[in-house]
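Ligands are counted one by one from 1 in listed order, and the atoms in each one are counted from 1 as well. All residue numbers refer to positions in the sequence shown, counting from 1.
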Amino acid sequence: MEGRLIVFEGVEGCGKTSQMQLCSEWLQSLDISVLLTREPGGTELGLQLRRLLLEKAENKPITEVTELLLYAADRAQHVEQELKPNLAAGKYILCDRYTDSTIAYQGYGRSLNMSLIEQLNYIATGGLASDLTIWLDVDVEVGLARKRGQEAGLDRIEQETIAFHRLVQQGYAELAASHPTRIVRVDGSLTKEAVQQIIQGILGDRLKSWLAF
Ligand code: TMP
């Protein structure tokens, strides 16, 4: 069986993690072999990069370009070490964030040069694109309120201004409009069960063509 790369994207608190878990259980119930992974932090090196990137910022400023390069480094390692071998082995990979996060956060959020970001995404992935990206669309304030309610508190990026998170949201909306086949918007404000039903409907349709049944 040919492997597939299915990515989950969205602003903070959009519910990716629990939807990915439910999706993984559903795919496994169909006898599909699944790998759950994430960026940043899908490899051992990536876990260290994730800690550097998301630790609270006090007295440890990270420049915007450094941030961009650290996300790219995490991705380069992840693509070579995890994504490519597992796709070659026929796995269905469910990946929490990928290249669109860099466009939304560093491109729209930080206003870094978009063509530089696209080049870095290309260098890091060697051109490996997602087969399907589910964009869980929730209002930024609703998502951040969910995060604030969690024990861990807000990380370095979550602590950014509302204006920053709104730009990220705008980034996802524009990306989805420009890539209507690859990126599918799902209303993340619905109940967990309703969101999962919609995702299974979308994935079910894609499975029919991917598995040709
Ligand atoms: P999460 O895995 O809990 O969603 O956290 C990852 C954080 O890193 C989130 O705030 C989004 C941010 N991020 C970027 O800014 N750029 C990127 O390229 C990626 C993958 C994540």
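The aromatic rings of Tyr172 and Trp135 lie parallel to each other, with less than 30° between the two planes, well short of the 60° mark.
Residue Gln106 touches ligand 1 through its side chain alone, judged by heavy-atom distances below 4.0 Å. At a heavy-atom distance under 4.0 Å, no atom of Arg38 approaches ligand 1. At a heavy-atom distance under 4.0 Å, only side-chain atoms of Ile157, from C-beta outward, approach ligand 1.
Side-chain contact of Gln28 with Ser24: a donor-acceptor pair under 3.5 Å is present, judged by distance alone. For Gln48 and Glu44, the side-chain atoms include no donor-acceptor pair closer than 3.5 Å. Side-chain contact, Glu174 with Tyr108: a donor N or O sits under 3.5 Å from an acceptor N or O. With hydrogens and angles left out, the side-chain atoms of Tyr71 and Arg97 include no donor and acceptor closer than 3.5 Å.
Between Arg97 and ligand 1, at least one pair of N/O atoms sits closer than 3.5 Å. Residue Arg50 has at least one nitrogen or oxygen atom sitting less than 3.5 Å from a nitrogen or oxygen atom of ligand 1, judged on distance alone.
For ligand 1, the atoms closer than 4.0 angstrom to any heavy atom of Lys16 are 4 (O). Every atom of ligand 1 with a heavy atom of Thr102 under 4.0 Å away is listed here by number and element: 17 (C), 18 (O).
Shortest contact from atom 17 (C) of ligand 1 to any protein heavy atom: Tyr71 CD2, 3.4 Å. Taking atom 9 (C) of ligand 1 as the reference point, the nearest protein heavy-atom neighbour is Glu12 OE2, 3.5 Å.
Remark: distances from the non-hydrogen atoms of Glu158 to ligand 1 are all 4.0 Å or more. At a 4.0 Å cut-off, not a single heavy atom of Glu67 sits close enough to ligand 1 to count as contact.
Note on Glu158 versus Lys147: salt bridge recorded, some NZ/NE/NH1/NH2 to OD/OE distance being below 4.0 Å. Using a 4.0 Å cut-off between charged nitrogen and carboxylate oxygen, Glu160 and Arg166 do not count as a salt-bridge pair.
Nearest-residue assignment for atom 20 (C) of ligand 1 (options Arg75, His78, His165; heavy-atom criterion): Arg75.
For Leu94 against Leu27, the heavy-atom pair with the smallest separation is CD2-CD1, 4.0 Å.
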